[in-house]
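Note sheet for the following structure.
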Protein chains: 2
Amino acid sequence: MADINISSLPDRSAAQADQGSHPAEPIWDLIELLFFAYRDFVSDPDDVLAKFSFGRAHHRVLHFVNRHPGMKVADLLEVLKITKQSLGRVLKQLVDQGYVVQKEGENDRRQRLLYVTPKGEALAMRLAGLQTERIARALGQLGPNAHEAARRFLVAMIDADGRDGVQKLIARADRARRPRS
Amino acid sequence: MADINISSLPDRSAAQADQGSHPAEPIWDLIELLFFAYRDFVSDPDDVLAKFSFGRAHHRVLHFVNRHPGMKVADLLEVLKITKQSLGRVLKQLVDQGYVVQKEGENDRRQRLLYVTPKGEALAMRLAGLQTERIARALGQLGPNAHEAARRFLVAMIDADGRDGVQKLIARADRARRPRS
DNA sequence: ATATTTATGTCAGCCATGTTGACATATTTC
DNA sequence: GAAATATGTCAACATGGCTGACATAAATAT
C-alpha cells in the first residue's frame, strides 16, 4: 500500500530523447530516492558496527576482503577509491583486532594479500545479512524480475569505464564461492 | 554490451521465501552494485562543488531547499537525519555566501523558512543536471519501464516508516513545480 | 500574566575518515 | 646494480558527523 502516490505520475524522465533544444527537467524522483534508499541501506550495519567501535570505513574494507579473499592492497584502493593512508588506518585496526590477516604473495612477495579470519567472516556475514534482509524485503514486494531490473539499473549507473571491472569482480567472486554450480 | 556477465546468473535472491531453515545467502550483487552506483552517482557533483569550496553536505542542503522551497529547518533536519549543529555549519555558509535565504514564517514567526536565491538555484540545477545526465544515460540503455522499475525498487528499499513521508515529499514538490498539468 | 514549550542558533570540543606530501623498506624487474 | 613497484608510515590538515550546554524569541498552556 501507499506506493500509488508516486508510481502513477507520468514518466517525463528525459531519458528517451532530449533532442537538443532546452535543458531537460531533472529526474527528481530518482535523484531523491537514491539518496533516501542509500541512507537507509547503510544505516542497519552502522548500528551493529557502533557496538564494535567500527565505522563505515571498516565495513567497506571488511566487506570486500570477505567477498574477494586474496585481494591485493592495491586492488582494494582501486575499488574503494581512497588513498592508502585512509585505508591504512582502518585496515591496521582490523588486522590488530584479528578480523583480517595479510599473507605474503606467493609469486610476488611484496604483496600483502588480504583475507578475513573466521571472526572477520562472522562480522562481515552478519552485516551482509542485515543488508540482504532489506533487499529481500524490497524485492519481495515487487515482481519476480525485480532483482534483474534493479541489477541492470545499478550497473548502468556505474561509470562506463569502471562497469566491466565491477561486473568481472562480482562474477569472479560469485564463481569462487560456488565452485561448480 | 558487457552486461551479459552478471545478468545471466540464476536468481537465488532469497527474496521469495526463505522458510526458516538455514541462513540465506547474501544478495551480493545488489549489495555491491548499490555501493558502486552510489559512489559514482555522487562523484559528478563533487567535482563541481570542489570549485566552490563546497562539499556533499552543502549539496544535500542546497538540493532539498531548492527542491522543496519554504522548508522549515526542522524538516531539513528530519530529512537529512543529522543534528542541527551539523546542519548549522553548512547552512550558515550557504546563507552567508548568498545561495540560500531564510524568511520568517508567516503563521509562526519562530520558523526560518528556507529558500534558494537565483544564485543558489543555478548551482542546484547544475548539480541536478549532472545527476540527471547519469540517470538518463542509464535509463536510455534499458527498457521503457526502467524508470518505473527503478523507482519501485528504491522506494521499497526505504525504511517502512519513512516511506510514506518520502513519497509525499516528492509528490508535493512535483505538484508545486508544475502547478496545473 | 506568567510559565512552559517550541524553533532555532551558537559555542566548544571530540571523533571518524577523507586529503596531501614526504619518506622508508622490501622485492621485482630492467 | 639501478630503477620501478607494492606497501607502510609519519605528520598535518579538512570535512562533516557527534554530544552537551546554553541563549533567544515566539507560541502555547495554565
Side-chain angles (χ1 to χ4, degrees), chain A residues 35 38-39 42-43 45-65 70-97 100-115, chain B residues 35 38-39 42-43 45-65 70-97 100-115:
Chain A
F35 168 75
Y38 196 79
R39 183 194 67 180
V42 293
S43 76
D46 280 357
D47 300 337
V48 173
L49 288 158
K51 292 191 242 165
F52 291 76
S53 301
F54 285 153
R56 286 185 198 173
H58 301 89
H59 183 193
R60 291 195 280 264
V61 171
L62 189 60
H63 167 88
F64 282 107
V65 174
M71 236 183 166
K72 288 189 300 176
V73 170
D75 294 339
L76 198 44
L77 291 177
E78 167 95 28
V79 161
L80 298 176
K81 295 234 173 97
I82 60 175
T83 59
K84 65 178 172 178
Q85 294 90 331
S86 292
L87 172 60
R89 205 156 26 196
V90 294
L91 182 54
K92 193 173 191 310
Q93 298 175 50
L94 288 169
V95 170
D96 289 350
Q97 298 179 42
V100 170
V101 289
Q102 305 181 274
K103 294 187 189 171
E104 221 172 44
E106 300 214 329
N107 303 335
D108 188 335
R109 289 172 42 216
R110 290 169 305 181
Q111 298 173 349
R112 297 295 131 86
L113 307 185
L114 302 168
Y115 298 88
Chain B
F35 168 75
Y38 196 78
R39 184 195 64 180
V42 293
S43 75
D46 280 356
D47 300 337
V48 172
L49 287 158
K51 293 191 240 167
F52 292 75
S53 300
F54 285 154
R56 285 184 200 174
H58 301 89
H59 184 193
R60 291 195 280 264
V61 171
L62 189 60
H63 168 89
F64 282 106
V65 173
M71 235 183 168
K72 288 189 301 175
V73 169
D75 294 338
L76 198 44
L77 291 177
E78 167 95 27
V79 161
L80 298 177
K81 296 233 173 96
I82 60 175
T83 60
K84 66 176 171 178
Q85 294 90 331
S86 292
L87 173 61
R89 206 155 28 190
V90 295
L91 182 55
K92 193 172 192 308
Q93 298 175 49
L94 287 170
V95 170
D96 289 350
Q97 298 179 41
V100 171
V101 288
Q102 305 181 272
K103 294 186 188 172
E104 221 171 44
E106 300 215 329
N107 302 335
D108 188 334
R109 288 173 43 220
R110 291 170 303 180
Q111 298 173 348
R112 296 296 131 86
L113 307 184
L114 302 168
Y115 298 88

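In what follows, chains carry the letters A, B, and so on, assigned in the order in which the sequence lines appear, proteins first and then strands, with residues in each chain numbered from 1.
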Separation of [X] atom [atom1] from [N] atom [atom2], in whole Å?
| X | N | atom1 | atom2 | answer |
| --- | --- | --- | --- | --- |
| A:L94 | C:dA16 | CG | P | 13 Å |
| A:E104 | D:dT7 | CD | P | 12 Å |
| A:L91 | C:dA16 | CG | C1' | 16 Å |
| A:E106 | C:dT28 | CD | P | 12 Å |
| A:I82 | D:dT15 | CD1 | P | 19 Å |

| said: By the 4.0 Å heavy-atom rule, please label A:Q93 as base, sugar-phosphate, or nothing. | reply: nothing
| request: Would you mind classifying the nucleic acid contact of B:G55 as base, sugar-phosphate or nothing, using non-hydrogen atoms under 4.0 angstrom? | output: sugar-phosphate
| request: Could you say whether A:N107 or A:R56 is positioned toward the 5' end of DNA chain C, judged by the nucleotide with the nearest heavy atom to each? | output: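 Whichever sits nearer the 5' end wins; that is A:R56.
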| Nearest-nucleotide 5' precedence on DNA chain C, A:A57 against A:D108 | A:A57
Would you indicate which nucleotide in [options] comes nearest to any side-chain atom of [X]?
| X | options | answer |
| --- | --- | --- |
| B:R110 | D:dA27, C:dG18, C:dC23 | D:dA27 |
| B:V73 | D:dG8, C:dT8, C:dT28 | C:dT8 |
| A:R109 | D:dT9, C:dT28, C:dG9 | C:dT28 |

| message | Nearest 0.5 angstrom please: B:H58 NE2 to B:R89 CZ, how far? | response |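 Reported value, rounded in 0.5 Å steps: 9.5 Å.
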| Going by heavy atoms closer than 4.0 Å, what residues in residues 46-54 of chain B are next to DNA chain D? |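 Result for residues 46-54 of chain B: none.
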| query | Can you check whether B:F54 reaches B:Q97 side chain to side chain, under 4.5 Å on heavy atoms? | reply |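 A side-chain contact exists here, since the closest heavy-atom pair is under 4.5 Å.
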| query | Is there a side-chain contact between B:K72 and B:L113, using heavy atoms and a 4.5 Å cut-off? | reply |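 Yes - at least one pair of side-chain heavy atoms lies under 4.5 Å apart.
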List, with names and distances, any nitrogen or oxygen atoms from the protein found under 3.5 Å away from nitrogen or oxygen atoms belonging to nucleotides 11-15 of chain C.
none

Within the pair [X] and [N], is there a side-chain N or O less than 4.0 Å away from OP1 or OP2?
| X | N | value |
| --- | --- | --- |
| B:H58 | D:dG16 | yes |
| B:T83 | D:dG17 | no |
| B:S86 | D:dG16 | no |

| Considering residues at least two apart in sequence or located in another chain, which fulfil the salt bridge (Lys or Arg N to Asp or Glu O under 4.0 Å) criterion with A:E106? |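 With neighbours one apart ignored, the set is empty.
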